[in-house]
Amino acid sequence: MKIQLAYKLPKTLLNKGSGFLGGYTHTLNPYTGCTFACSYCYVRQMPVSLFRKEDWGSWVDVKKGASGILAKEMQRARKKGKVTIFMSSSTDPYQPVEAQEQITRSLLETMLLYPPDFVLVQTRSPLVTRDIDILHQLGERVRVSMTVETDQDDVRKHFTPSAPPIAGRLHALKQLRDAGIPTQVAIAPVLPSSEQFATTLRPLVQRVCIDDYFMGDGSEGKRTRRLGIENLYQEIEMQHWYQPDAYQTVVERMRARFSENEIYISQAGFEP
Ligand code: SF4
């Protein structure tokens, strides 16, 4: 698919944390739009996508000059108190365009100069390992949350054909672990997975966050239902995984390999 790239000069970058992310003072999106184009992406149902003619996943707006704006906003925000940032709530900060544009990298560099109390980097892209040098300098102020919804790449391909393969994400988690970067795996949203999943993850992380559409899409699964996601489960005869209690299967499997205090459910897993 051809991607429409546009360059925008934003007036502001930091948004107030609210709703599911109400535990954060701010959210931060280096881009508008996301070419990973996940079928279940709840942003498809938000104004940023609904008011565009083009399909979600076919366009990206690059926020030029972002680091300078963030530097000013960070200085102001820190005067008011604690600053905790969720990056990102409606895009993936390491989607393919980041390899050239490096907006996310520039924002992390700004955070070295004006450190937040905490920043959670939410991604499903191995490109995050490019920035291990900066993440390392942020120390305990940062946590990388890597989405790994399933251990089955054929399932991943069915739901998110444009997102990075699972093997690459697991390798990235290993690199982050070896570099001593605080990390977690976000099994979010829960997709059909195997019994081996917990065994695969055990050596890689000490923190597992499990979330699904019914708890985590901000509308008890209604947004996801409007996207017709159930059909995708039917196509692979996995309807039993599209149930509000299906996540319990994953929780039980994780409990066999992880201790109770290493497993987080829904919102608790994304808190600062
Ligand atoms: S990576 Fe995140 S923001 Fe991008 S399409 Fe997938 S769910 Fe949406």
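Since we're looking at a predicted model, the values are computed, not measured. Atoms within each ligand, like the ligands themselves, are counted from 1 in listed order.
Contact annotation: for Thr91 versus ligand 1, heavy atoms closer than 4.0 Å belong to the backbone alone. Only the backbone of Ala37 comes within 4.0 Å of ligand 1, counting heavy atoms alone; no side-chain atom from C-beta on gets that close. In Gln95, neither the side chain nor the backbone holds a heavy atom less than 4.0 Å from any atom of ligand 1.
Two rings, from Phe86 and Phe20, have their centers 6.0 Å or more apart.
Salt-bridge formation is not detected for the pair Glu220/Arg225: no Lys NZ or Arg NE/NH1/NH2 atom is positioned less than 4.0 Å from an Asp or Glu carboxylate oxygen. Salt-bridge annotation for Lys11 and Glu73: absent, with no side-chain N of the basic residue lying under 4.0 Å from a carboxylate O of the acidic one. Ion pairing between Lys82 and Asp117 fails under the 4.0 Å rule for side-chain N and carboxylate O. We find that Arg156 and Asp153 are joined by a salt bridge, their nearest charged nitrogen and carboxylate oxygen being less than 4.0 Å apart. Ion pairing of Arg253 with Asp151 is absent here, as no side-chain N (NZ or NE/NH1/NH2) approaches a carboxylate O to less than 4.0 Å.
The protein non-hydrogen atom at the shortest distance from atom 5 (S) of ligand 1 is Cys38 N, 3.3 Å. In this structure, the protein non-hydrogen atom closest to atom 1 (S) of ligand 1 is Arg124 NE, 3.2 Å.
Distances from ligand 1 to the non-hydrogen atoms of Trp56 include at least one value under 4.0 Å. Taking 4.0 Å as the cut-off, Val43 does not count as a neighbour of ligand 1 on heavy-atom distance.
With Gln45 as the partner, the side-chain hydrogen bond (donor to acceptor under 3.5 Å, both in side chains) test is satisfied by one option alone out of Lys222, Arg226, Arg223: Arg226.
At least one N/O/S atom of Cys34, from backbone or side chain, sits under 2.8 Å from atom 4 (Fe) of ligand 1.
Residue Cys41 approaches ligand 1 through these ligand atoms, each under 4.0 Å from one of its heavy atoms: 3 (S), 5 (S), 7 (S), 8 (Fe).
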